[in-house]
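Have a look at the structure below, then the notes.
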Amino acid sequence: MSQLEWAVHELAPRMQHWRRDFHHFAESGWLEFRTATHVAEVLHQLGYQLALGRDVVDDAARMGLPSAEVLVREEQRALEQGALKQWLPHFSGGFTGIVATLETGRPGPVLAFRVDMDALDLGEMLQPVHRPFAEGFASCNAGMMHACGHDGHTAIGLGLATVLQQFADQLNGTIKLIFQPAEEGTRGARAMVAAGALDNIDYFTAIHIGTGIPLGTVVCGSDNFMATTKFDVEFTGVAAHAGGKPEEGRNALLAAAQTALALHSIAPHSAGASRVNVGVLQAGSGRNVVPAQALLKVETRGETNVINDYVFERSQEIIQGIATMYGIKAEVRLMGAATNSVPSPEWVEFIHQQVLEVNGVSEVVDTVKGAAGSEDATLMMARVQEQGGKASYMVFGTELSAGHHNEKFDFDEKVMEIAVATMARLALNFPWQRGV
Ligand SMILES: O=C(O)C[C@H](NC(=O)Cc1c[nH]c2ccccc12)C(=O)O
């Protein structure tokens with residue numbers, strides 16, 4: 001076993017502790033208050049330079065932000081659950097982003113690694129058949145669950161930070177570790193890019209675990225993320241006596257219902273895959289009142305940016321057409337966005353070579369066929385690439401107890417060692433002297 005592999009193996013119990021602690025105190029997007037304070041403390045103890053909160057999250061560019069009331073309530077909840085007071089002010093108000101920097105002082109590139117920290121708005125299964133519950137680390141926050149692996153991602157980020165410090169004298173250039181909030185709903189990356197957190201990076205690597213790929217298989221350049229737009233539609237009609245004066249009413253509920261059906265009938269695109277999903281329909285106030293208010297939560301997706309733009313633009317025509325038909329107002333609010341992913345072939349090739357050497361890896365592939373969902377790391381990749389840098393997105397397979405975004409989701413924690421060993425190799429073996 002190499003020194004690096006031994007160091008990573010020694011780290012496994014700490015990574016499991018971190019993962020299970022984050023899993024238990026699950027916090028969804030922009031509310032990762034406790035998580036961010038504990039991440040900041042570990043990174044500070046390791047000696048990293050920290051850029052926190054508003055220094056790496058642009059206020060105006062944040063999407064899908066919870067209400068001020070929720071932000072305050074959840075920050076208080078985090079404090080009661082052990083958020084570290086010395087770091088909390090940096091994240092207050094929902095600025096839960098972190099960039100940790102290790103300057104070696106020797107010439108070389110800037111290598112960045114990104115992990116996401118947010119849980120999903122989902123209630124976890126609280127039955128003994130579900131390992132996190134059986135072993136006492138299921139979410140203690142009702143309606144919030146790590147059901148996509150971001151607790152593991154955060155632990156991997158801290159594991160990488162630890163190992164890179166241990167081997168710092170073998171590094172060159174600069175290492176940046178990006179801990180992003182609110183990936184779910186593609187909300188957080190845009191704000192970190194807008195804050196300049198992704199500027200002047202030479203090589204960028206984002207990661208995900210699971211996704212139906214077996215433990216030991218590693219994807220070096222995921223290029224199958226779909227571009228996506230997330231938006232809410234607020235319908236405003238006119239309330240009236242449903243029995244006595246229905247003709248005076250303008251029915252927001254019917255408009256929303258008709259819109260939901262119509263959106264799902266948008267024609268597919270001949271150039272590739274597309275998706276529409278109306279995930280939430282809330283409407284009305286009482287049985288005998290013509291409903292004056294309705295809310296839809298919607299997302300469009302496309303295999304390419306062009307296809308997603310087509311679906312989104314068609315959706316807007318439908319929304320406004322139906323609003324006119326019902327004589328009501330429809331207001332659209334953008335809540336999230338991401339593009340499709342285009343990994344840099346040169347970086348994918350280097351990653352592939354390094355992954356072949358990692359203990360525990362049995363299969364190395366560069367891409368996976370078929371749409372993979374979406375990821376706002378694509379916005380970070382695009383920023384790096386437009387400045388001349390190289391970027392990729394890796395997936396580390398692992399056995400899952402259920403699919404992502406399911407209340408029974410759990411994963412084989414051995415994947416964390418493989419991920420840390422791989423990412424550490426990318427930094428330690430980077431052929432910087434050749435100016436790759
Ligand atoms: O659009 C979003 O809300 C982002 C969210 N993203 C993920 O769940 C990450 C993800 C989904 N499928 C894959 C496959 C590989 C890596 C990451 C993923 C999704 O697709 O709903």
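Just so it is clear, the model here is predicted, and its values are computed rather than measured. Just so you know, ligand 1 is whichever comes first in the structure, and atom 1 is the first atom listed for that ligand.
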*Within a distance under 4.0 Å of any heavy atom of Gly373, pick out the atoms of ligand 1 and give their elements.*
20 (O)
*Gly185 heavy atom under 4.0 Å from ligand 1*: yes
*State the atoms of ligand 1, each with its element, that fall below the 4.0 Å cut-off from a heavy-atom position in Thr186.*
1 (O), 2 (C), 3 (O), 4 (C)
*State, yes or no, whether a side-chain contact exists between Lys369 and Asn224 at a heavy-atom distance under 4.5 Å.*
no
*asked:* Can you tell me how the ring of His153 sits relative to the ring of His150, calling it parallel under 30°, perpendicular over 60° and tilted otherwise?
replied: parallel
*Does at least one non-hydrogen atom of Met226 fall below 4.0 angstrom from an atom of ligand 1?*
no
*So, are Glu234 and Arg333 salt-bridged, with charged N and O less than 4.0 Å apart?*
yes
*Anything under 30° is parallel, anything over 60° is perpendicular, the rest tilted; go ahead and classify Phe409 against His404.*
tilted
*Closest protein heavy atom to atom 8 (O) of ligand 1, given as residue, atom name and distance to 0.1 Å*: His405 NE2, 3.2 Å
*Glu124 and Ser139: side-chain donor and acceptor closer than 3.5 Å?*
no
*Angle class for the His23/Phe137 ring planes (parallel below 30°, perpendicular above 60°, tilted otherwise)?*
perpendicular
*Nearest option to atom 9 (C) of ligand 1, as decided by whichever heavy atom of Ala377, Ala227, Ser374 sits closest*: Ser374
*Determine whether Val278 and His264 make a side-chain contact, defined as any pair of heavy atoms from C-beta on separated by less than 4.5 Å.*
yes
_Non-hydrogen atom of Glu184 closer than 4.0 Å to ligand 1_ = yes
_Starting from atom 17 (C) of ligand 1, what is the nearest protein heavy atom, named by residue and atom, and what distance separates them?_
His208 CD2, 3.3 Å
*When you measure from atom 1 (O) of ligand 1 to each heavy atom in Glu299, Lys230, Glu375, which option holds the nearest one?*
Lys230
_How far is atom 15 (C) of ligand 1 from the closest protein heavy atom, and which atom is that?_
Thr211 CG2, 3.1 Å
*asked:* Starting from atom 19 (C) of ligand 1, what is the nearest protein heavy atom, named by residue and atom, and what distance separates them?
replied: Arg301 NH1, 3.5 Å
*Identify the closest protein heavy atom to atom 13 (C) of ligand 1: which residue and atom is it, and at what distance?*
Ala372 O, 2.7 Å
*Cation-pi check, Arg62 onto Phe95 ring (under 6.0 Å, within 45° of axis)*: yes
